[in-house]
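What follows is a single structure, written as structure tokens, with notes after it.
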Amino acid sequence: MGLLDESVRMALRGRVLAGDVKPELDGKGVNLFGWVHEIRDLGKLVFILLRDVSGICQVVFRMEEVEQSVRDAVRGLTNESAVFVEGVVVKQPRSKLGVEVVGKRLTVLGRAVPKLELDPTGKVSAGLDARLRHRILDLRRPEVRAVFLVGSQVLKAMRDFFHMKGFVEVRTPKLIGSATEGGAELFEVKYFDRVAYLAQSPQLYKEQLTTVFEKVCEIGPYFRAEASHTGRHISEFTSVDIEQAFADMYDVMDVLEELVVHVHRHLVENHQHLLQMLGVNLRVPKRPFKRFTYDEALEILRSEGVELRWGEDFGTPHLRILGKKYTGYYFITHFPTESKPFYIQETEKDPRVSESFDLMYQWLELASGGTRVSDHDVLERKLREKGLNPAMFEDHLKVFRYGMPVHAGWGLGFERFLMVLTRRTNIRETVLFPRDRFRLTP
RNA sequence: GCCCAGGUGGUAUAGCCAGGUUAGCAUCGCCGGCUGUCGCCCGGCGGACCCGGGUUCAAAUCCCGGCCUGGGCGCCA
């Protein structure tokens with residue numbers, strides 16, 4: 001009898017989730033569908049922990065009180081098989097949850113092979129590499145799954161927030177035609193009889209779109225062909241971007257702050273159970289976040305005995321020092337123009353300083369943004385200064401002749417944000433199927 | 001790309017420094033036993049030294065190269 005059997009289909013309509021099996025249901029007959037999380041065979045008494053998306057509940061089979069066919073089915077069970085259990089809920093103080101289901105019938109809907117590569121109960125620990133090689137089994141572990149349930153809630157909270165604030169969610173191309181933007185290495189792909197590249201950022205498109213929608217946001221995948229090997233870089237990642245017309249860096253920093261607070265509040269108020277599963281005690285950060293300038297950061301480093309030449313960018317060791325001093329979220333602003341891309345606006349007072357900012361969490365860079373250049377001629381000049389050919393940017397430049405307002409925006413690394421929220425230390429743990437220098441499967 | 005550490009049953013590890021044992025422990029899988037487990041327990045069985053080369057009477061162990069993994073750094077719109 002399989003899932004397609006008519007009686008199983010009927011039973012599915014009266015399905016009760018494992019997480020909904022409560023002592024109050026005492027005496028009620030239930031149909032449970034899920035996976036065999038654990039089997040404890042005591043002989044005439046067999047305990048099965050049944051796991052579904054909602055949680056885990058205990059089913060007990062009294063072997064002398066069920067039919068022979070059920071006994072055979074129970075005896076032949078393997079861990080992680082997909083099953084259908086019919087039983088009766090009983091209040092049971094001897095069970096940890098105070099309730100269990102006395103199993104009457106058991107149907108194996110999808111048998112799992114006996115010797116799994118990974119143990120979804122987590123009794124035997126596994127290294128990250130082994131976990132990622134057998135990712136689906138790894139994801140069945142409640143704690144691992146919780147990372148992505150939180151991730152889904154973060155996405156929801158962010159979208160709610162953006163809509164509330166009047167942002168229009170847009171989708172820009174991930175296949176692009178020119179590799180002239182500079183910076184990170186691009187992945188090449190065959191595009192009919194030409195070469196195309198995978199997008200590494202929506203930057204130019206989102207700026208252009210502010211002249212249409214004023215406030216745009218995008219949550220999308222980007223690709224960087226860097227040979228990086230760290231716990232916070234992967235070659236395919238998700239970026240949360242906004243761009244806003246008639247706004248400067250301070251306006252969008254406020255948006256970013258509010259977003260971070262909104263996401264925290266959503267999780268803390270509505271999803272404590274997920275946070276508990278992750279062992280995370282999350283607190284809603286207070287606004288405004290600490291803000292200091294690049295120059296002030298240099299001073300802080302100097303006071304810690306680290307001398308940095310003005311204009312030099314921070315290395316990871318420098319950020320670790322700052323992160324030790326400033327726990328939680330904070331902004332570093334006004335980076336040297338030199339270290340920023342061509343589209344970042346210089347300050348009026350000093351062209352060597354830019355209207356830019358990074359959002360940090362301890363030593364981890366989460367987001368960066370700033371006021372953008374909105375003047376056509378300045379943009380053209382800055383392209384040249386960065387050694388880029390303005391002719392290659394004609395599609396972009398021409399928009400700046402169509403009435404370009406002052407605008408600002410930022411990009412936030414979604415997985416890095418999720419690392420912070422779920423307290424994971426390797427970014428690969430926050431991606432279902434991570435792609436890095438050496439990993440292209442599964 | 002660089003530095004450090006590592007690669008032993010499906011998983012996680014001990015053994016390696018100081019070469020020679022039946023390669024140990026746990027989990028896992030199979031078989032048997034158990035009516036209150038909740039990391040169930042008890043007994044039996046099964047399964048492994050990353051690849052290539054070298055040194056040696058003898059290599060999991062020492063040396064060289066490769067591949068891969070973890071951590072750190074760099075790179076990084």
Side-chain angles (χ1 to χ4, degrees), chain A residues 37-49 56-65 75-76 78-80 90 92-100 102 112-134 137-138 176 180-186 199-207 222-235 237 239 241 243 313-320 335 339-344 354 356 358 363 365 367-370 372 382 386 388 409-413 416 425-426 428 436-439:
Chain A
H37 190 67
E38 225 176 306
I39 306 166
R40 285 194 277 271
D41 183 350
L42 273 61
K44 296 197 179 73
L45 206 56
V46 178
F47 295 97
I48 287 161
L49 297 188
I56 292 173
C57 89
Q58 175 167 283
V59 178
V60 58
F61 283 94
R62 297 177 196 288
M63 297 297 265
E64 287 179 326
E65 296 170 20
R75 281 271 129 75
T78 51
N79 284 318
E80 292 305 312
V90 284
Q92 178 55 271
R94 283 181 292 186
S95 157
K96 258 193 177 165
L97 296 166
V99 65
E100 68 188 9
V102 176
V113 294
K115 204 165 180 167
L116 297 171
E117 288 87 347
L118 226 54
D119 168 26
T121 67
K123 262 185 288 192
V124 184
S125 61
L128 184 57
D129 182 50
R131 289 174 47 200
L132 294 176
R133 269 203 317 272
H134 311 289
L137 286 176
D138 182 48
I176 55 173
T180 52
E181 288 178 27
E185 292 289 313
L186 291 161
Q200 53 179 213
S201 157
Q203 184 61 35
L204 305 186
Y205 289 106
K206 67 177 181 172
E207 283 191 55
Y222 298 97
F223 308 88
R224 295 188 186 174
E226 299 293 339
S228 306
H229 200 73
T230 79
R232 59 194 184 282
H233 290 90
I234 35 174
S235 34
F237 66 100
S239 180
D241 278 272
E243 202 67 28
D313 215 345
F314 303 119
T316 309
H318 306 122
L319 295 176
R320 283 184 195 272
F335 287 89
S339 70
K340 287 289 166 183
F342 65 87
Y343 49 78
I344 288 285
S354 65
S356 56
D358 279 5
W363 61 275
E365 186 186 324
S368 73
R372 317 303 190 186
K382 288 179 70 82
K386 291 283 175 189
L388 298 166
W410 44 255
L412 164 75
R416 288 193 181 179
T425 53
N426 191 315
R428 280 157 259 254
D436 64 31
R437 176 76 180 78
F438 298 104
R439 239 180 292 260

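Chain A is the first sequence line, chain B the second, and so forth, proteins listed ahead of strands; every chain is numbered from 1. All heavy atoms count here, side chains included; hydrogens, waters and symmetry mates do not.
Between the base of G36(B) and the side chain of Glu100(A) there is a donor-acceptor pair shorter than 3.5 Å.
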Checking Ser356(A) against Arg372(A) for the side-chain hydrogen bond (donor to acceptor under 3.5 Å, both in side chains) test, could you report, in this order, the C-alpha distance in whole Å, the side-chain angles of both residues, the deciding distance, and whether it holds? CA-CA 9 Å; Ser356(A) 56; Arg372(A) 317 303 190 186; over 6 Å; no
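Scored by the side chain to side chain contact (heavy atoms under 4.5 Å, CB included) test, Asp138(A) finds Leu118(A), Arg131(A), Arg135(A), Arg141(A), Val144(A) as partners (sequence neighbours excluded). Remark: Gln92(A) engages Arg94(A), Ser95(A), Glu100(A) in a side chain to side chain contact (heavy atoms under 4.5 Å, CB included) (not counting sequence neighbours). The ring pair (Phe, Tyr, Trp, His ring centres under 6.0 Å) search around Phe314(A) returns Tyr294(A), not counting sequence neighbours.
Judged by a 6.0 Å distance limit and a 45° cone about the ring axis, Lys386(A) is not positioned over the six-membered ring of Phe342(A).
Of all heavy-atom pairs spanning Asp436(A) and Ile234(A), the tightest one is CB-CG2, 4.4 Å. Here the closest heavy-atom approach between residue Ser201(A) and residue Tyr222(A) is recorded as N-CD2, 3.4 Å. The minimum heavy-atom distance between Gln200(A) and Arg224(A), with the atom names listed, is O-NH2, 3.0 Å.
Residue Ala227(A) is classed as a base contact, given a heavy-atom separation below 4.0 Å to a base. Across all strands, Arg131(A) comes closer than 4.0 Å to no nucleic acid atom at all (heavy-atom distances). If you check every strand for non-hydrogen atoms under 4.0 Å, Gly127(A) touches sugar and phosphate atoms only. Among the heavy atoms of the strands lying under 4.0 Å from Phe438(A) are primed sugar atoms or P, OP1, OP2 only; no base atom is included. Heavy atoms of His134(A) sit nowhere under 4.0 angstrom from any nucleic acid atom.
Nearest nucleotide to the side chain of Glu38(A), out of U35(B), A12(B), G39(B): G39(B).
When the side-chain nitrogen and oxygen atoms of Arg62(A) are compared with OP1 and OP2 of G36(B), none of them lie within a distance under 4.0 Å. Applying the 4.0 Å criterion to OP1 and OP2 of G70(B), one finds that Arg439(A) has a side-chain N or O inside that range.
Atom OH in Tyr222(A) sits roughly 17 Å away from atom C1' in C76(B) (whole-Å rounding). What separates CD of Gln58(A) from P of C38(B) is a distance of 10 Å, to the nearest Å.
Rounded to a whole angstrom, the distance from the P atom of A60(B) to that of U21(B) is 9 Å. Taking the C1' atom of each, A48(B) and C28(B) are spaced 14 Å apart, rounded to whole Å. Nucleotides A26(B) and C42(B), compared at atom P, are 10 Å apart to the nearest Å.
Summary of the strand contacts: Arg133(A) and Glu65(A) both lie near RNA chain B, and taking for each the nucleotide with the nearest heavy atom, the more 5' one is attributed to Arg133(A). Residue Leu132(A) is the one, among Leu132(A) and His318(A), whose nearest nucleotide of RNA chain B lies closer to the 5' end (criterion: closest heavy atom).
A salt bridge links Asp358(A) to Lys340(A): one of the charged nitrogens lies within less than 4.0 Å of a carboxylate oxygen.
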Check nucleotides 28-33 of chain B against the protein and report each pair of N or O atoms closer than 3.5 Å, with its distance, or say if there are none.
{"unit_1": "G29(B)", "atom_1": "OP1", "unit_2": "Asn79(A)", "atom_2": "ND2", "d": "3.1"}

Return the polar atom pairs (N/O with N/O) between nucleotides 71-73 of chain B and the protein under 3.5 Å, or none.
{"unit_1": "G71(B)", "atom_1": "OP1", "unit_2": "Asn426(A)", "atom_2": "ND2", "d": "3.1"}
{"unit_1": "G71(B)", "atom_1": "OP2", "unit_2": "Asn426(A)", "atom_2": "ND2", "d": "3.3"}
{"unit_1": "C73(B)", "atom_1": "OP1", "unit_2": "Arg320(A)", "atom_2": "NE", "d": "2.7"}
{"unit_1": "C73(B)", "atom_1": "OP1", "unit_2": "Arg320(A)", "atom_2": "NH2", "d": "3.2"}
{"unit_1": "C73(B)", "atom_1": "OP2", "unit_2": "Arg320(A)", "atom_2": "NH2", "d": "3.2"}
{"unit_1": "C73(B)", "atom_1": "N4", "unit_2": "His229(A)", "atom_2": "O", "d": "2.9"}

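Under the 4.5 Å side-chain criterion, counting only non-hydrogen atoms from C-beta, Leu45(A) is in contact with Val60(A).
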How does RNA chain B look in dot-bracket notation if pairs are Watson-Crick or G-U with both distances under 3.5 Å, crossing ones as [ ], other-strand ones as |? (((((((..((.(......[...).))((((((.......))))))...(((((..]....))))))))))))....
